[in-house]
2 protein chains.
Amino acid sequence: MARAATTSDAFNAVAEPRRREILELLAFGERSVGDLVLKLGLEQPSVSKHLGVLRRVGLVRARRHGRRILYKANPEGIRPLHAWTKTFERLWEHQLLRVKERAEEKPRQVERE
Amino acid sequence: MARAATTSDAFNAVAEPRRREILELLAFGERSVGDLVLKLGLEQPSVSKHLGVLRRVGLVRARRHGRRILYKANPEGIRPLHAWTKTFERLWEHQLLRVKERAEEKPRQVERE
DNA sequence: TTGACATATTCCTATGTAGGAATATATAGT
DNA sequence: ACTATATATTCCTACATAGGAATATGTCAA
């Protein structure tokens, strides 16, 4: 089998760098598709397709305004990612502490293997 | 072109659910490959390949111990993901506040379009 | 060195998908 | 109704890759 579908969840959706760029732009507020096209330098269909993926996994919301369609980030969709990564927070804090400890103590003990 | 390579960065690496499972298991401490195989119910080559991806992007560290090879999570590798998602934290906090406000005030104003 | 155990790697194939080109849909203005 | 504008969708193709099977590599013990 191939990789899981991007439409399946937010993790896959943000694995694509362009989609992260889009989310970063939409974090400042609403933007039309054409606006994003200008900012990103991508083809309009590409942007629309990326927005489609982001919308399907709930990372952005869209509303029509005249001829334009305005997109905005739905930060709630990013929360699960944040929560998952946060479970490792205590680990890297612990890791940093160990590094600091080693730097302060004398190098008596040699790492085995 | 196709999707970006999983070996390219941590975002792609954790997009795969199995790899997230592996990281969650390795968060508790070192584990051998065979141990992970038992816990995950996957084929040994699959686990080895996932570990290879995680190792290449710096999400896990490995050391040989006799015949076994022990893997552990390298939480530092997850920090960039956490940092990226955290930039949206103020947004969902703001969003939650707005939801709360709306729930408390009388529904006088109608959302346009 | 031979054999058993533990892990990695190679080869193969099916599949999801990003991007490009062309086209379809929708809206506003005249 | 017609036209221009804005966005979405469809079709196509190249390609990365997940998993399976088979094999290779590495390590210990006798």
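These numbers come from a predicted model, not from an experiment. Reminder, nothing fancy here: chain letters follow the sequence lines and each chain counts from 1.
- Using a 4.5 Å cut-off on side-chain heavy atoms (C-beta onward), B:Leu40 and B:Leu25 make contact.
- Rounded to whole angstrom, the span from the CZ atom of A:Arg56 across to the P atom of D:dA8 amounts to 11 Å.
- Phosphate proximity of C:dA6 to B:Tyr71: absent, as no side-chain N or O sits under 4.0 Å from OP1 or OP2.
- With hydrogens and angles ignored, a donor-acceptor pair closer than 3.5 Å exists between the side chain of B:Gln44 and the base of C:dA8.
- Within the 4.5 Å cutoff, side-chain heavy atoms of A:Leu51 are placed close to those of A:Leu26.
- For C:dA21, its base never sits under 3.5 Å from the side chain of A:Glu43 at any donor and acceptor pair.
- Using a 4.0 Å cut-off, no side-chain N or O of A:His65 falls inside it from OP1 or OP2 of D:dA6.
- Residue A:Ser48 is in base contact, counting any heavy-atom pair closer than 4.0 Å across all strands shown.
- A:Arg56 has its side chain within reach of A:Val53: a pair of non-hydrogen atoms, C-beta onward, lies under 4.5 Å apart.
- Note on B:Arg67: a base of the nucleic acid sits closer than 4.0 angstrom, heavy atoms only.
- One atom, CD of A:Glu21, and another, P of C:dG19, lie 11 Å apart when rounded to the nearest Å.
- In this structure, B:Trp84 and B:Phe11 have perpendicular ring planes: the angle between them is above 60°, well past the 30° mark.
- Between A:Arg55 and D:dA8 there is no side-chain N or O to OP1 or OP2 distance below 4.0 Å.
- The phosphate of C:dG19 has OP1 or OP2 within less than 4.0 Å of a side-chain N or O from A:Arg18.
- Rounding to whole angstrom units, CG of residue A:Leu36 and C1' of D:dA6 are separated by 13 Å.
- Of all nucleotides listed (C:dG19, C:dA6, D:dG20), C:dG19 comes nearest to the side chain of A:Lys49.
- A donor-acceptor distance shorter than 3.5 angstrom exists from the side chain of A:Arg64 to the backbone of A:Gly66, with no hydrogens or angles considered.
- Spacing between atom CZ of B:Arg68 and atom P of C:dA4 amounts to 18 Å, rounded to whole angstrom units.
- Rounded to whole Å, atom P of D:dG20 lies 9 Å from atom NE2 of B:His50.
- In this structure, the CG atom of A:Leu42 is 12 Å from the P atom of C:dA18, given to the nearest Å.
- Look at B:Arg64 and you'll find a side-chain N or O under 4.0 angstrom from OP1 or OP2 of D:dT27.
- Regarding A:Asn12, its CG atom lies at a distance of 12 Å from the P atom of C:dG16, rounded to whole Å.
- Of the candidates C:dA8, D:dA6, D:dA18, the closest approach to any side-chain atom of B:Ile69 belongs to C:dA8.
- Atom CD1 of A:Ile22 is separated from atom C1' of C:dG19 by 13 Å (rounded to the nearest Å).
- Nearest nucleotide to the B:Pro45 side chain, out of C:dT7, C:dA22, D:dA21: D:dA21.
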